[in-house]
Visitor: 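One structure follows; several queries about it will come next.
Lettering of chains follows the sequences in order, A, B, ..., and the numbering in each one begins at 1.
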Amino acid sequence: MKLRFHNSLTRRVEDFTPLDPGHVRLYVCGPTVYDLAHLGNARPVVVFDVLARLLRRIYPRITYVRNITDVDDKINARARETGEPIAAITSRTTADFHRDMAALGCLPPDVEPTATGHIREMIALIERLIARGHAYAAEGHVLFRVASFPDYGKLSGRSPDELLAGARVEVAAYKESPGDFVLWKPSDADTPGWDSPWGRGRPGWHIECSAMSWRHLGESFDIHGGGHDLLFPHHENEVAQSRAAFGTPFMAHTWLHNGMLLVDGEKMSKSLGNFLTVRDILARGPWAGEAFRLLLLRTHYRAALDFSFDALEECKAELDGHYAMLKRAPEPPDRDSPVIRQLVDWVLAPLADDLNTPLALARLRDLRTLENALTVGGSAAVVLSRIGLGAEPPPGAAATAFRKAAEVLGIGQGDAKGWLQGAGRMHEASGHATGTGRATAAVAATNTSIEAAIAARLAARAAKNWAEADRIRDDLKAQGVILEDGPSGTSWRRA
RNA sequence: GGUCCGGUGGCCGAGUGGUCAGGCAAGGGUCUGCAAAACCCUCUACGGCGGUUCAAUUCCGCCCCGGACCUCCA
């Protein structure tokens with residue numbers, strides 16, 4: 001499987017060739033831990049989780065590094081506002097982040113370095129930059145000398161002149177040039193600081209990623225990912241720091257940037273205050289994490305994505321349909337047959353083309369249609385021709401392929417019956433106003449009371465007492481429980 | 001103002017120089033005691049104006065609209 005990616009550095013889609021075919025190295029900018037993750041923060045985590053899963057499938061070894069930024073002026077500000085100790089804020093927020101991302105089906109990265117754990121590497125890097133003439137100390141600060149690095153602006157497609165013209169902040173007097181950015185800054189007694197050759201201080205924002213990627217991936221590596229809003233200045237500055245320090249032709253070979261998540265057409269961001277947290281989504285019910293993951297993946301990662309709760313509900317309904325198919329599909333005669341492998345490859349092929357998750361998801365739906373046609377009845381001809389299969393696979397084969405392919409996307413891996421009958425839903429949903437009525441409905445009916453009602457309805461049906469049978473079904477429906485009569489009896493699921 | 005990315009049917013969303021995306025919604029049908037589910041059918045779009053071409057939604061130019069970035073940001 002040959003991968004292609006849109007490389008921000010060249011602004012083109014390129015074939016991906018690992019620097020070391022035996023070991024692919026990936027770095028993604030992680031969160032600054034001062035507050036709960038919002039929906040926009042979740043997008044790169046999910047997108048690059050899929051990328052990491054895909055890479056793992058193809059290459060013998062990958063190292064996925066995603067940092068935790070636990071020293072930052074926003075954290076300091078939060079501590080001053082609330083009085084909570086900094087260490088408490090960062091450790092709690094990190095734990096919250098881990099739980100939220102796990103709820104979205106994201107696997108942990110291979111290495112999750114913290115900025116505070118890499119102060120020594122940052123200082124070493126800064127000393128190296130000073131020694132090479134790429135940085136200078138002034139009034140307790142150390143600044144990167146942008147003029148010393150001719151390629152500055154190459155990643156973000158800007159010329160240094162434009163950047164100066166566009167600078168809209170006050171220029172500090174100690175800067176040689178307005179575009180120079182901080183590598184190290186002094187800390188007062190009330191601010192976290194570390195001893196350094198330039199006095200007690202703390203790192204600037206960009207240096208940590210250069211230090212941590214260097215430590216864990218080397219001077220140059222394969223892929224660097226992050227939100228598109230990090231392209232400038234964060235990634236531009238990372239490149240300048242790393243390349244100037246090591247004299248390398250590139251920092252990361254391929255730069256991937258995900259598009260922004262919007263709400264009402266505007267970027268969701270903490271500074272705008274228009275954000276929903278991942279917690280807000282998860283509070284909708286145990287289905288919400290996976291539904292939100294699907295929502296993120298059904299838009300191509302580089303495009304803007306306008307979030308809405310209607311779209312979230314639509315994703316929930318889609319997953320209901322997937323799990324319903326998985327629930328009724330039989331075991332195939334051979335779980336690793338050539339046709340199953342062919343179906344899996346067919347679904348995943350679009351991912352090789354710049355991570356085209358929407359097309360892969362469409363093909364997953366085709367697998368569902370195919371399985372339904374073979375197990376429930378219907379014509380598989382249209383889907384078979386789309387896939388390029390000459391003969392019908394045995395029942396269960398498409399469902400098995402569905403599970404295997406969906407694993408790379410991180411969806412459809414749950415227990416089908418558990419999903420449909422909402423195991424754990426009451427507990428998860430209680431205490432939250434969901435606005436959908438689902439939580440209340442779930443509280444009203446327990447699994448045993450549902451089974452009892454179904455038995456009563458079955459008796460009524462046997463006696464051809466349709467009025468009573470329908471009354472029971474309507475009663476359950478009012479409680480959010482939907483009955484489905486089939487050849488093998490009556491099954492139920494929660495709406 | 002500068003740089004960049006987009007505009008696809010009621011909605012979401014792939015893709016392509018000429019034959020199908022797909023989903024949701026809607027309408028019709030098969031099945032069913034009635035439903036639900038599943039399956040079948042219907043709904044044929046590519047912002048505007050030029051250009052290239054036998055042929056443009058797809059390539060080129062201009063314009064309009066939306067979004068991102070321009071030293072807080074995923």
Side-chain angles (χ1 to χ4, degrees), chain A residues 6 8 11 28-32 37-45 47-48 72-74 77 153 156-159 161-169 171 178-182 204-206 225-234 236-237 257-262 265-272 275 295 298-300 302-306 308 310-311 313-315 317-318 320-321 324-325 328 350 353 356-366 368-369 372-373 375-380 382 385-386 461 464-467 469-470 473-474 477 482-486 490-493:
Chain A
H6 175 92
S8 301
R11 282 169 269 284
V28 175
C29 289
T32 300
H38 65 61
L39 268 34
N41 298 124
R43 167 116 98 146
V45 179
V47 164
F48 294 113
D72 182 276
D73 286 350
K74 286 192 293 292
S156 56
R158 291 150 214 265
S159 74
D161 294 345
E162 284 168 16
L163 293 172
L164 295 191
R168 61 180 182 187
V169 289
V171 179
D180 293 353
F181 56 90
V182 172
W205 173 33
H206 317 295
H228 193 257
D229 52 354
L230 295 183
L231 184 60
F232 186 88
H234 185 52
E236 190 70 58
N237 292 354
H257 290 98
N258 61 274
M260 296 295 98
L261 190 139
L262 314 177
E266 270 207 315
K267 176 178 155 185
M268 182 177 288
S269 91
K270 286 181 180 169
S271 54
L272 291 175
F275 66 92
L295 183 148
R298 67 181 199 155
T299 297
H300 184 83
R302 279 193 290 118
L305 190 168
D306 207 350
S308 73
D310 284 349
E313 297 286 339
E314 198 179 297
C315 289
E318 179 170 346
D320 285 346
M325 176 276 290
R328 67 181 154 245
D353 185 15
N356 191 343
T357 53
L359 187 56
L361 287 167
R363 291 185 174 190
L364 222 37
R365 275 182 224 112
D366 272 338
R368 160 176 148 192
T369 302
N372 282 336
T375 53
V376 191
S379 167
V382 173
S385 78
R386 192 147 52 222
R461 289 184 72 206
K464 296 204 190 296
N465 185 351
W466 308 127
D470 292 351
R473 186 172 62 200
D474 291 346
K477 192 179 180 187
I482 294 169
L483 298 191
E484 291 167 6
D485 296 330
T490 299
S491 65
W492 65 274
R493 65 188 169 89

Visitor: From C-beta outward on A:E314, which listed nucleotide comes closest to its side chain: B:rC73, B:rA21, B:rG23?
Guide: B:rG23
Visitor: At less than 3.5 Å, do the side-chain atoms of A:R43 and the base atoms of B:rA74 form a donor-acceptor pair?
Guide: no
Visitor: Which nucleotide sits closest to the side chain of A:R365: B:rC24, B:rG33, B:rG22?
Guide: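 For A:R365, the side-chain atoms sit closest to B:rG22.
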Visitor: Does B:rC73 have its OP1 or OP2 closer than 4.0 Å to a side-chain nitrogen or oxygen of A:S271?
Guide: no
Visitor: Side chain of A:P233, heavy atoms from C-beta onward: which of B:rA74, B:rU71, B:rG22 has the nearest atom to it?
Guide: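 Nearest to the side chain of A:P233 among the choices is B:rU71.
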Visitor: Base of B:rC4, side chain of A:R11 - is there a donor-acceptor contact under 3.5 Å?
Guide: no
Visitor: Quantified in whole Å, what is the C1' atom distance between nucleotide B:rC41 and nucleotide B:rU52?
Guide: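 To the nearest whole Å, 41 Å.
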Visitor: What interatomic distance, in whole Å, is found between P of B:rC4 and the corresponding atom of B:rC46?
Guide: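 Approximately 28 Å lies between the P atom of B:rC46 and that of B:rC4.
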Visitor: Run the side-chain contact (heavy atoms from CB on, under 4.5 Å) test on A:D485 and A:R461 for me, step by step, so that the C-alpha distance in whole Å, both residues' side-chain angles and the decisive distance to 0.1 Å come before the verdict.
Guide: CA-CA 11 Å; A:D485 296 330; A:R461 289 184 72 206; 3.4 Å; yes
Visitor: Suppose we call a contact any N or O donor and acceptor under 3.5 Å apart; does that hold for the side chain of A:D485 and the base of B:rC34?
Guide: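 It does, because a donor-acceptor pair links the side chain of A:D485 to the base of B:rC34 below 3.5 Å.
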Visitor: Between A:N372 and B:rC39, is there a contact of a side-chain N or O with OP1 or OP2 at under 4.0 Å?
Guide: yes
Visitor: Classify A:L261 by what it touches in the nucleic acid, base, sugar-phosphate, or nothing, heavy-atom distance under 4.0 Å.
Guide: base
Visitor: Roughly how many Å apart are B:rG6 and B:rG47, using the P atom of each and rounding to a whole number?
Guide: 13 Å
Visitor: Would you mind telling me which of B:rA74, B:rG13, B:rC20 lies closest to the side-chain atoms of A:M268?
Guide: B:rA74
Visitor: Do A:E236 and A:R158 sit within salt-bridge range, that is, some charged N less than 4.0 Å from a carboxylate O?
Guide: no
Visitor: Measure from the side chain of A:T32, starting at C-beta and using heavy atoms only, and say which of B:rA74, B:rC70, B:rA36 lies closest.
Guide: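 Within the option list, the nearest is B:rA74.
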Visitor: Any idea how A:W205 and A:H234 line up, ring-wise: parallel (<30°), tilted (30 to 60°), or perpendicular (>60°)?
Guide: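 A:W205 and A:H234: parallel rings.
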Visitor: Find the distance between CE (A:M268) and CG (A:L261) and round it off to the nearest 0.5 Å.
Guide: 5.0 Å
Visitor: Got a donor-acceptor contact below 3.5 angstrom from the A:N258 side chain to the A:R302 backbone?
Guide: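 No.
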Visitor: So what does A:G226 hit on the nucleic acid, given a heavy-atom distance under 4.0 Å: a base, only sugar-phosphate, or nothing?
Guide: sugar-phosphate
Visitor: Assuming nearest nucleotide by heavy-atom distance, tell me which of A:D306 and A:I482 is located more 5' along RNA chain B.
Guide: A:D306
Visitor: In the structure shown, which nucleotide is the Watson-Crick or G-U wobble counterpart of B:rC62, with both distances under 3.5 Å?
Guide: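 The answer is B:rG48, by the H-bond criterion.
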Visitor: Please tell me which of A:R363 and A:G30 maps to the more 5' nucleotide of RNA chain B, matching each residue to the nucleotide holding its nearest heavy atom.
Guide: A:R363
Visitor: Quick one: label A:G486 by what it contacts on the DNA or RNA (base, sugar-phosphate, nothing), any heavy atom closer than 4.0 Å.
Guide: nothing
Visitor: Please classify the nucleic acid contact of A:H257 as base, sugar-phosphate, or nothing, using heavy-atom distances under 4.0 Å.
Guide: nothing
Visitor: Going by purine N1 to pyrimidine N3 plus the second Watson-Crick contact, or the G-U wobble pair, all under 3.5 Å, which nucleotide sits opposite B:rU3?
Guide: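 Partner of B:rU3: B:rA68.
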Visitor: Are OP1 or OP2 of B:rU71 and a side-chain N or O of A:N237 less than 4.0 angstrom apart?
Guide: no
Visitor: When you measure from the side chain of A:A469, which nucleotide among B:rG6, B:rG33, B:rA14 comes out closest?
Guide: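 Selected nucleotide (nearest to the side chain): B:rG33.
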Visitor: B:rA38 P sits how many Å from A:L483 CG, rounded?
Guide: 15 Å
Visitor: Give, for atom CG of A:D72 and atom OG1 of A:T32, the distance between the pair rounded to the nearest 0.5 Å.
Guide: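 Rounded to the nearest 0.5 Å, the CG-OG1 separation comes out at 5.0 Å.
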Visitor: Look at the side-chain N and O atoms of A:W205 and state whether any lies under 4.0 Å from the OP1 or OP2 oxygen of B:rC73.
Guide: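 Yes.
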Visitor: Salt-bridged, A:E314 to A:R298, with N to O below 4.0 Å?
Guide: yes
Visitor: Nearest to the side chain of A:A362, which nucleotide is it out of B:rG22, B:rA14, B:rG23?
Guide: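 Nucleotide nearest to A:A362's side chain: B:rG22.
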Visitor: Please determine, for the side chain of A:D470, which listed nucleotide (B:rC20, B:rC34, B:rG23) has the closest atom?
Guide: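 Minimum distance to the A:D470 side chain belongs to B:rC34.
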Visitor: For A:T299, report the nucleic acid contact type (base, sugar-phosphate, nothing); a contact means any heavy atom under 4.0 Å.
Guide: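 Sugar-phosphate contact only.
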Visitor: Are A:R363 and A:D366 ion-paired here, with the side-chain N under 4.0 Å from a carboxylate O?
Guide: no
Visitor: Can you tell which of B:rU71, B:rA38, B:rA21 lies closest to the side chain of A:L359?
Guide: B:rA21
Visitor: In whole Å, I'd like the distance from the CZ atom of A:R328 to the C1' atom of B:rC39.
Guide: 10 Å
Visitor: Assign A:R461 to base, sugar-phosphate, or nothing according to its heavy-atom contacts below 4.0 angstrom with the strands shown.
Guide: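 Counting heavy atoms under 4.0 Å across all strands, the contact made by A:R461 includes a base.
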Visitor: State whether the distance check finds a donor on one side and an acceptor on the other, under 3.5 Å, for side chain A:N356 versus base B:rG15.
Guide: no
Visitor: Quantified in whole Å, what is the C1' atom distance between nucleotide B:rU19 and nucleotide B:rA55?
Guide: 14 Å
Visitor: Determine the interatomic distance between C1' on B:rC64 and the same-named atom on B:rC72; round to the nearest Å.
Guide: 33 Å
Visitor: Side chain of A:K74 only, please: which of B:rC72, B:rA21, B:rC34 is the nearest?
Guide: B:rC72
Visitor: Quote, to the nearest angstrom, the C1' distance that separates B:rC62 from B:rA68.
Guide: 23 Å
Visitor: Quote, to the nearest angstrom, the C1' distance that separates B:rC5 from B:rA25.
Guide: 30 Å
Visitor: When rounded to the nearest Å, what value does the distance between C1' atoms of B:rG9 and B:rG15 take?
Guide: 15 Å
Visitor: Using both distances under 3.5 Å as the test, list the Watson-Crick or G-U wobble partner of B:rA26, or none.
Guide: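 Here B:rA26 is engaged in a pair, and the nucleotide opposite it is B:rU42.
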